[in-house]
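Shown next, in structure tokens, is the structure this report addresses.
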Amino acid sequence: MIRDGCGDPFPVSARPVLLTKIPGHREQVAAASLIPREDGVITASEDRTVRVWLKRDSGQYWPSIYHTMSSPCTALRYHHESRKLFVGQDTGAVVEFNVSEDFNKMNFIKTYPAHQNRVTEIIYSPGTQWVISTGHDKFLTWMCSQSGSQMGRHGFASWASCLQYDEDTRYAFVGDFSGQITLLKLDQNSCSVISTLKGHEGSISCMYWDPVQRYLFSGSSDHSIILWDIGGRQGRTLVLQGHHDKVQGVTYVQLTRQLVSCSADGGICVWNMDIDREEAPQWLESDSCQKCSQPFFWNIKQMWDTKTVGLRQHHCRKCGQAVCGKCSSKRSSYPIMGFEFQVRVCDSCYETIKDEDRTPLATLHEGKHNIYYMTMDVSRGLMVTCGTDRLVKIWDMTPSVGCSLATGFSPR
């Protein structure tokens, strides 16, 4: 029996519990942040408003702050210890506010001229007091939060779509529209490129950095998630395929060794990562089928010599060999390698897959709105999703992640 990090059986049917829906925004909600230790959430929308929603005695969430910005809001970062709130805008500016202790007022602090185009992600580093951001101007910038001046910037060939940062090492992970992730070491006025991670076939849409395991998770428009073992010496990567649409959010729950992901079609997936998964093989290239030796359609010489018509090349997802359609007529799921859906496998690999090998290692749930953005407060087991329907939903994820993550938390 599969067990989670608490020693309990991995739940195959427990669903996330929808606690509340928050309507009110007139345009797409670009980002949200759950307020730590409070029944509240902060939202930023393309309707140019930033709102702080607090739970009232009636159980409904009402805005205690309703602030209108000069242009559409595209990114949000709230740092609870300092009460700093950073809002990215469509113009490229990042605006800093200070939120009052009662969450009834937000005071303007300064504007950072960070980008020349839409801001995609913001991170505040309290140790260095940097405001780090990415944008559609294809730049990563880091600004001094004390002076408001730019410390440094680094350019990319494509839109910089998402960002993660390790406080201890000052490593920044930047995902871009081309599908690659760049690892940089940020210094006071410069940066150095450490590595480039390539594996996705679509743009990088979300990332999550776990500093304990030193895992980087990336979600993409190619519907897949990749786990990059940054701390491992062998640079292991695991591919997870369980979504039917663009992956819009990922969060790793360290306590239970589970990954929560959301996709644009409303899918909420909980992955069991507390097992020894197999790494998917690299696809092999060949001019002929590596099972029956029939030529592929570009192998003109063998086609002429054997007087046969060339075949289309496919790949077995289990062994990686280049095969023809006749030698890969079977389909099977293979969850231990991340394939929760049926994929193409060669006939010989199909025979080696047992029924127990097809046991799901992830559970898929329906969020019932097309998810654009997702974030979690792991300590309380709470998740917030923002949909294209302009609704903000708050979920209790503790039934789905196997054990209570919260100390004394109970949905009200």
Side-chain angles (χ1 to χ4, degrees), residues 2 178-181 196-204 217-229 232 234-247 261 263 265 267 269 271-273 275-364:
I2 304 167
S178 74
Q180 75 177 24
I181 300 168
T196 301
L197 308 177
K198 298 180 180 180
H200 284 292
E201 296 179 359
S203 60
I204 309 297
F217 297 90
S218 59
S220 170
S221 61
D222 64 11
H223 309 177
S224 73
I225 300 165
I226 295 181
L227 182 159
W228 309 87
D229 188 0
Q234 296 180 349
R236 185 182 63 144
T237 60
L238 296 176
V239 180
L240 305 175
Q241 295 187 347
H243 287 287
H244 295 285
D245 208 333
K246 180 181 180 179
V247 181
S261 59
S263 57
D265 61 359
C269 197
W271 305 82
N272 179 15
M273 304 303 294
I275 53 173
D276 188 16
R277 289 181 175 270
E278 294 180 14
E279 188 172 356
Q282 293 290 324
W283 284 7
L284 304 177
E285 295 301 327
S286 176
D287 291 331
S288 57
C289 176
Q290 294 180 302
K291 295 296 182 182
C292 68
S293 300
Q294 288 294 305
F296 293 131
F297 64 84
W298 61 83
N299 190 348
I300 305 298
K301 184 179 185 305
Q302 187 178 348
M303 288 167 56
W304 177 263
D305 291 343
T306 59
K307 301 296 188 293
T308 56
V309 177
L311 305 175
R312 182 181 175 185
Q313 176 183 261
H314 301 283
H315 285 92
C316 172
R317 298 324 192 253
K318 188 174 184 296
C319 68
Q321 287 191 325
V323 291
C324 67
K326 184 177 180 181
C327 294
S328 59
S329 59
K330 303 290 197 303
R331 303 290 184 273
S332 177
S333 61
Y334 196 53
I336 196 70
M337 200 175 276
F339 301 118
E340 291 291 327
F341 302 142
Q342 290 195 348
V343 292
R344 182 186 295 272
V345 292
C346 66
D347 293 353
S348 57
C349 281
Y350 183 85
E351 297 301 324
T352 68
I353 301 175
K354 303 174 183 178
D355 288 342
E356 54 265 33
D357 295 333
R358 298 184 176 93
T359 303
L361 298 177
T363 57
L364 186 63

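No experiment lies behind these values; they were computed from the predicted model shown. Quick note: residue numbers are just sequence positions, from 1.
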Which heavy-atom pair separates [X] from [Y] by the least distance, and what is that distance?
X: P281; Y: C319; answer: CG-C, 3.5 Å
X: H200; Y: S224; answer: ND1-OG, 3.4 Å
X: I181; Y: S218; answer: CD1-CB, 3.6 Å
X: F296; Y: S286; answer: CD1-O, 3.3 Å
X: Y350; Y: R331; answer: CE1-O, 3.5 Å
X: G199; Y: W228; answer: N-CH2, 3.9 Å

### Message
If you apply the rule side chain to side chain contact (heavy atoms under 4.5 Å, CB included), what do you find for L240 with R277, and how did you get there?
### Response
CA-CA 10 Å; L240 305 175; R277 289 181 175 270; 3.8 Å; yes
To the nearest 0.5 Å, tell me how far [X] [atom1] sits from [Y] [atom2].
X: D357; Y: M337; atom1: CG; atom2: CE; result: 10.5 Å
X: L311; Y: F297; atom1: CG; atom2: CZ; result: 10.0 Å
X: Q313; Y: S288; atom1: CD; atom2: OG; result: 9.5 Å
X: K326; Y: D347; atom1: NZ; atom2: CG; result: 10.0 Å
X: L197; Y: I204; atom1: CG; atom2: CD1; result: 9.0 Å
X: M273; Y: L238; atom1: CE; atom2: CG; result: 6.0 Å

Please answer whether the main-chain N or O of [Y] pairs with a side-chain N or O of [X] as donor and acceptor at a distance below 3.5 Å.
X: Q302; Y: Q294; answer: no
X: S328; Y: C316; answer: no
X: N299; Y: D287; answer: yes
X: Q290; Y: A322; answer: yes

### Qualifying residue, where the test is side chain to side chain donor-acceptor pair (under 3.5 Å) with S332 and the options are R317, R358, R344, K318
R358
### Message
Take a 6.0 Å sphere around CD of E278 and say whether it holds more than 12 heavy atoms from other residues, nucleotides or ligands.
### Response
yes
### Query
For atom CH2 of W298, is the number of surrounding heavy atoms from other residues, nucleotides or ligands below 6.0 Å larger than 12?
yes
Close side-chain approach of [X] to [Y], heavy-atom, < 4.5 Å:
X: L361; Y: I336; answer: yes
X: E340; Y: P360; answer: yes
X: C327; Y: C346; answer: no

### Task
Indicate whether any N or O donor in one side chain lies under 3.5 Å from an N or O acceptor in the other, for S221 and S203.
yes
### Query
Going by the angle between their ring planes, with limits at 30° and 60°, are W283 and H315 parallel, tilted or perpendicular?
parallel
### Task
Give the C-alpha distance, both sets of side-chain angles, the deciding distance and a yes or no for side chain to side chain contact (heavy atoms under 4.5 Å, CB included) between I353 and Y334.
CA-CA 8 Å; I353 301 175; Y334 196 53; 4.1 Å; yes
### Task
Using the side chain to side chain contact (heavy atoms under 4.5 Å, CB included) rule, take H223 and S263 through it: C-alpha gap first, then chi angles, then the decisive distance, then the call.
CA-CA 8 Å; H223 309 177; S263 57; over 6 Å; no
